[in-house]
J.: 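Just dropping this structure here.
As a basis for the values below, the full set of heavy atoms in this structure was taken, side chains included, without hydrogen atoms, waters or symmetry mates. Quick note on labels: first sequence line is chain A, next is B, and so on, each numbered from 1.
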Amino acid sequence: MFIERIARGVLGSAAALSVITTILIVFSLLEPTVEFFGEVSPKEFFTTTKWAPLFRPARFGVWPIVVGTLWVSLIAILVALPAGLGAAFYLSEYARPGVRKVIKPILELLAGVPTIVFGFFALTFINPELVKRFWPVGNVGAYSALGAGLVTGLMILPIVASLSEDAMAAVPQSLRHGAFALGSSRREVCTKVVFPAAISGIVAATVLAVSRAVGETMIAVLASGQQANLSKNPGLGMQTMTGFIGAAGSGDVATGTIGYKTIFAVGSLLFAVTFALNVLSIRIVRRFRQVYE
Amino acid sequence: MSSQTLIDPSDDVSMSLASNLAPTRRLRDGLFRVLLFASIGLALGALAVLLLRTWFDGKGAVNLKLLENQPSERPQRAGIQSGIWGSLWVTGFCSLLSLPLGVATAVYLEEFARKGRWYNHLIEVNIQNLAAVPSIVYGILGLAFIARGPLDWGPTVATAGLILALVVLPTVIIASREAIRAVPGSLRAGSMALGATRWQTVRKQVLPAAAPGIATGSILAVSRAIGETAPLLLLGGLTFLTKNPSGLDDRYTTVPLLAFNYATSPRAELREVAAAAIIVLMLVLLCLNGAAILIRNKFQRRW
Amino acid sequence: MRTIEQSEQQPVVRVTPTMAEVPSETSSSVLETRDLAVYYGQFRAVREVNLIIRQSEITAFIGPSGCGKSTVLRCFNRMNDLIPGARVEGTVTYRGIDMYGKDADASEVRRRVGMVFQKPNPFPKSIWENVAYGPKSNGLRKKGELNDIVEKALRGAALWDEVKDRLKASGLSLSGGQQQRLCIARAIAVEPEVVLMDEPCSSLDPIATARIEELMQEIKQQYTILIVTHNMQQAARVSDRVAFFTTEVSQDGDRRTGIMVEFGRTAKIFSNPVDERTEQYVTGRFG
């Protein structure tokens with residue numbers, strides 16, 4: 001059937017496009033990065049601690065923005081993991097069907113809020129009203145990694161909640177009944193039976209959520225800070241990797257300059273980290289998936 | 001039936017069924033429940049605070065003038081018209097590219113691809129990875145190849161639409177695949193048993209049956225594209241532009257980009273306009289998601 | 001009272017003299033129900049059940065599918081509480097105490113009345129962890145004590161010799177029959193008074209089934225056993241008393257409500273039942 005073959009060919013090409021996209025991403029990052037490291041030594045990039053690539057004299061120690069990313073992501077997961085797990089337990093093990101029907105869509109709503117909205121919220125409410133007012137350490141200004149981290153945590157909470165809930169739903173009911181029949185309370189069934197059984201899915205969800213937090217740009221750009229500030233105090237403003245890329249990329253950077261290439265170098269680092277986390281997440285599910293039979 | 005209970009005196013079973021365990025166990029049960037409630041409360045409460053705060057921040061500026069005016073430094077005259085048109089152009093072009101391509105890929109993977117083949121497995125893994133790549137990386141891709149580089153389309157609507165299409169493509173593919181997968185095999189089997197080819201079966205049976213699910217997924221993808229800001233920052237999307245685009249090769253701005261500009265402006269009154277722009281954005285998204293839910297509830301058939 | 005002409009029908013099941021050991025009439029009652037009815041929503045699944053379960057006996061529930069045997073069984077450890085919409089009317093007492101009373105805690109009930117399910121459901125943990133689960137929940141922490149309890153329970157379930165060298169292996173690595181014995185060990189590790197068994201052998205092969213029936217006889221002195229079974233011969237083999245259930249058309253006419261027809265010693269039920277329906281079932285004329 002001629003039409004069959006054409007259909008198959010067209011559709012196959014469409015599918016192949018996705019592979020081409022990945023190749024393009026890798027290539028787009030690769031060449032300028034290689035050129036970058038021709039001009040800036042990897043030693044300076046990875047071991048020094050002053051980041052000022054667009055200034056004169058230019059400095060290329062990447063640690064400040066990596067640490068900024070780490071702070072924001074760490075605070076984000078510290079918020080999202082307990083709250084997301086709690087929400088998942090509640091929806092999966094405690095909530096009545098009627099309550100569940102109301103709360104699940106609200107969580108989906110949270111998941112659908114654009115990051116610019118979160119960023120605005122962090123900038124205009126969380127930073128000034130919460131962090132600046134209550135954070136005891138240091139001189140808190142308009143920006144803080146803490147504020148950005150808290151709001152990023154809110155953004156990734158639905159990911160943790162919904163993927164964890166999926167993992168819990170996969171635990172067979174017979175296991176719960178077995179535990180109840182031994183006199184366990186609902187809490188014990190959650191912590192001693194459901195949680196251990198669903199652990200691989202929960203861990204994978206967490207890794208994926210961290211990956212999202214690392215790659216988040218608008219919240220970081222708006223609320224985390226414009227200055228590459230290497231600090232132990234998350235209440236201060238710190239630029240993240242994504243914040244740098246966003247700020248530098250939206251400015252007037254001429255093609256081929258070292259500033260331009262820096263964007264790609266940091267982009268490569270970002271892609272490498274998130275890619276590694278994503279692969280890890282998939283591996284965890286594949287290797288440790290609980291078999292119940 | 002006699003109900004005499006002759007208790008054996010050697011039994012020393014405690015005569016109560018009340019919980020005689022350490023009270024800490026019950027305490028922990030209660031505490032656990034409280035923690036779970038607190039988690040839900042935190043999520044819902046934070047969302048409520050966010051929505052309310054944004055509403056109160058911006059409601060003063062939400063009026064028709066907002067939609068009619070072009071952006072301006074002066075708060076009384078500041079609007080988002082160029083952003084609305086820009087968003088329409090960019091999202092429109094993005095949908096034009098991503099929806100057919102995404103559905104086609106989904107159809108291929110579900111109906112035509114032979115499962116064991118290495119290249120098909122590669123495509124599947126690839127889509128999973130692409131779905132998790134940060135959107136700003138797509139912006140970098142666009143910067144290197146589309147806005148500048150070999151294609152050199154410049155900071156235009158076309159560039160933005162293309163890159164956003166790549167960003168939302170995995171979402172379209174995954175949602176469409178689920179919709180297609182939900183169509184029962186018996187439908188396909190019946191069609192092919194009557195002599196229809198694969199493609200005919202897909203065209204006449206599978207796609208119509210999967211249409212509501214595909215539509216829902218598409219709407220969600222478009223919603224994502226509307227709110228996406230980060231890649232556009234790199235692609236030369238302007239944060240301040242007073243002109244509406246009139247073609248694919250025009251410069252543009254979008255509602256989120258304008259909101260970004262207003263939000264970071266040193267003039268505090270413009271923050272109100274930023275909030276207003278965000279309110280408009282959220283209302284549009286609410287309508288779109290509402291439409292998606294309506295479609296899902298009304299047309300989704302339970303097999 | 002209808003007498004059955006012995007010459008008319010040979011009972012399908014012969015009750016051998018050794019199994020007709022008559023349990024002491026004075027053995028104490030452990031569980032009782034009075035006018036027990038169970039509703040799922042508006043539907044009355046079973047009605048007017050009156051039973052006395054006596055200590056150190058094996059009581060079997062027999063009858064065709066769908067007549068509420070498992071539903072009644074689940075009343076004795078309040079597992080019906082977990083089914084949304086399920087409601088219990090009438091009284092169920094444990095040694096005279098109302099199981100469903102205000103002061104009764106469901107977890108406490110379940111500690112006294114254990115359960116083994118139709119399909120073995122060991123936790124995806126080690127064999128040791130499975131058996132130690134109950135005692136650990138009850139607060140026992142000392143490794144030495146727990147080891148003793150695990151061994152005792154596994155011996156009690158006739159599984160110790162087979163697994164003593166691999167207590168750390170996953171419970172799921174055992175065969176079906178072994179898994180079920182593991183579940184029995186798990187249940188008796190908390191030293192309940194009663195063990196409920198809901199068709200425990202229906203997913204097992206005949207050899208595994210025989211082992212479990214043997215086990216039931218061994219442990220019945222210490223644990224009163226209540227078993228639901230589809231297998232009449234099994235009921236005749238292992239039980240001391242039998243309750244026969246069947247269905248009748250329900251109030252609203254379109255579904256069937258379960259009722260308990262007759263309850264008495266195994267020997268009597270199988271050789272000289274009072275009710276015609278019982279006789280028809282045990283002689284194989286229906287069901």
J.: Counting heavy-atom pairs under 4.5 Å to chain A, which of V107(B), L220(B), L143(B) comes out on top?
T.: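 Most pairs with chain A among the choices: L143(B).
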
J.: Answer with side chain, backbone, both or neither: which region of L17(A) has an atom nearer than 4.5 Å to a non-hydrogen atom of chain B?
T.: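 When you check distances to chain B, only side chain atoms of L17(A) fall under 4.5 Å.
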
J.: Quick one: which of L36(B), L257(B), L285(B) has the most heavy-atom pairs under 4.5 Å with chain A, could you say?
T.: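 Of the candidates given, the most pairs with chain A belong to L36(B).
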
J.: Most heavy-atom pairs under 4.5 angstrom with chain B, which of F118(A), F121(A), F89(A), F27(A)?
T.: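 Greatest number of close heavy-atom pairs with chain B: F121(A).
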
J.: Taking atom CG of L141(B) and atom CZ of F271(A), what is their separation to the nearest 0.5 Å?
T.: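 Here the interatomic distance stands at 10.0 Å.
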
J.: What part of V214(A) is in contact with chain B, defined as an atom under 4.5 angstrom from a non-hydrogen atom: side chain, backbone, both or neither?
T.: neither

J.: Out of P82(A), G12(A), A88(A), G267(A), which one racks up the most heavy-atom pairs below 4.5 Å with chain B?
T.: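 Most heavy-atom pairs under 4.5 Å with chain B: G12(A).
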
J.: Is the closest side-chain heavy-atom distance between V113(A) and M282(B) below 4.5 Å?
T.: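 Yes - at least one pair of side-chain heavy atoms lies under 4.5 Å apart.
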
J.: Counting only non-hydrogen atoms closer than 4.5 Å, does L29(A) touch chain B with its backbone (N, CA, C, O), its side chain (CB onward), both, or neither?
T.: side chain

J.: Nearest 0.5 angstrom please: N129(B) CG to F275(A) CZ, how far?
T.: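 One gets 4.5 Å once the value is rounded to the nearest 0.5 Å.
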
J.: To check you understand the geometry: which heavy-atom pair defines the closest contact between S18(A) and I123(B), and what is its length?
T.: OG-CG2, 3.8 Å

J.: Is it the backbone or the side chain of I126(A) that comes under 4.5 Å from a heavy atom of chain B, or both, or neither?
T.: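 Looking at I126(A), nothing touches chain B.
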
J.: Could you tell me which of S250(A), G215(A), A15(A), P114(A) has the largest number of non-hydrogen atom pairs under 4.5 Å with chain B?
T.: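 Top option by heavy-atom pairs under 4.5 Å: A15(A).
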
J.: Select one option (side chain, backbone, both, neither) describing which atoms of S281(A) are under 4.5 Å from chain B's heavy atoms.
T.: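 It is neither, since no heavy atom gets under 4.5 Å.
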
J.: Supply the atom-to-atom distance L109(A) CG to L286(B) CG, rounded to the nearest 0.5 angstrom.
T.: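 Taking CG in L109(A) and CG in L286(B), the distance rounds to 7.0 Å.
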
J.: With a 4.5 angstrom heavy-atom cut-off, which part of I282(A) approaches chain B: side chain, backbone, both or neither?
T.: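 Answer is side chain: those atoms of I282(A) sit under 4.5 Å from chain B.
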
J.: May I ask you to decide whether R25(B) forms a salt bridge with E188(A), counting only side-chain N to carboxylate O separations under 4.0 Å?
T.: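 A salt bridge is present here (some side-chain N lies under 4.0 Å from a carboxylate O).
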
J.: Examine whether an atom of I103(A) lies under 4.5 Å from a heavy atom of chain B, and if so say whether it belongs to the side chain, the backbone or both; otherwise answer neither.
T.: side chain

J.: Answer yes or no: is there a side-chain heavy-atom contact under 4.5 Å between L233(B) and M218(A)?
T.: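 Side chain of L233(B) against side chain of M218(A), heavy atoms only: contact under 4.5 Å found.
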
J.: With a 4.5 angstrom heavy-atom cut-off, which part of L270(A) approaches chain B: side chain, backbone, both or neither?
T.: side chain

J.: Quick one: closest heavy-atom pair of F120(A) and A274(B), and the distance?
T.: CE1-CB, 3.7 Å

J.: Quick one: pull up CG in N278(A) and CD in Q128(B) and give me the separation to the nearest 0.5 Å.
T.: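 Separation between the atoms: 9.5 Å.
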
J.: Are the side chain of R53(B) and the backbone of T124(A) linked by a donor-acceptor contact shorter than 3.5 Å?
T.: yes

J.: Can you measure from CG (L50(B)) to CG (L110(A)) and round to the nearest 0.5 angstrom?
T.: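 Here the interatomic distance stands at 8.5 Å.
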
J.: Mind checking whether T21(A) and Y138(B) have side chains closer than 4.5 Å, heavy atoms only?
T.: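 SC-SC contact between T21(A) and Y138(B) confirmed.
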
J.: Just give me the residue among I140(B), V137(B), T54(B), L42(B) that pairs up with chain A most often, heavy atom to heavy atom, under 4.5 Å.
T.: I140(B)

J.: For chain A, find which of I278(B), L122(B), I226(B) contributes the most heavy-atom pairs closer than 4.5 angstrom.
T.: I278(B)

J.: Got a donor-acceptor contact below 3.5 angstrom from the D29(B) side chain to the R187(A) backbone?
T.: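 A pair under 3.5 Å: no.
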
J.: Between chain A and each of S135(B), G236(B), S223(B), A263(B), count heavy-atom pairs under 4.5 Å; write down the option with the most.
T.: A263(B)

J.: Could you go step by step and tell me if W199(B) and R5(A) meet the side-chain contact (heavy atoms from CB on, under 4.5 Å) rule?
T.: CA-CA 9 Å; W199(B) 172 238; R5(A) 305 196 76 189; over 6 Å; no

J.: Side chain, backbone, both or neither: which part of I127(B) has a heavy atom under 4.5 Å from chain A?
T.: side chain

J.: Check whether any side-chain heavy atom of C190(A) lies under 4.5 Å from a side-chain heavy atom of F32(B), and answer yes or no.
T.: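 Yes, side chains in contact.
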
J.: Quick one: of L154(A), L107(A), L85(A), who has the most non-hydrogen atom pairs under 4.5 Å with chain B?
T.: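 Between L154(A), L107(A), L85(A), the count favours L154(A).
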
J.: Let me confirm one number: the OG1-CG distance from T22(A) to N126(B), rounded to the nearest 0.5 Å.
T.: 3.0 Å

J.: So what's closer than 4.5 Å to chain B heavy atoms on S211(A): side chain, backbone, both or neither?
T.: side chain

J.: Could you tell me which of L123(A), L222(A), L157(A) has the largest number of non-hydrogen atom pairs under 4.5 Å with chain B?
T.: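 Answer, by heavy-atom pair count under 4.5 Å with chain B: L222(A).
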
J.: Taking side chain as everything from C-beta outward and backbone as N, CA, C, O, which of these in Q226(A) sits under 4.5 Å from a heavy atom of chain B? Side chain, backbone, both or neither.
T.: neither

J.: Side chains of P134(B) and T242(A): closer than 4.5 Å at any heavy-atom pair?
T.: no

J.: Please confirm whether the backbone N or O of A14(A) pairs with a side-chain atom of T105(B), one donor and one acceptor, at under 3.5 Å?
T.: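 Pair found, side chain donor or acceptor close to backbone of A14(A).
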
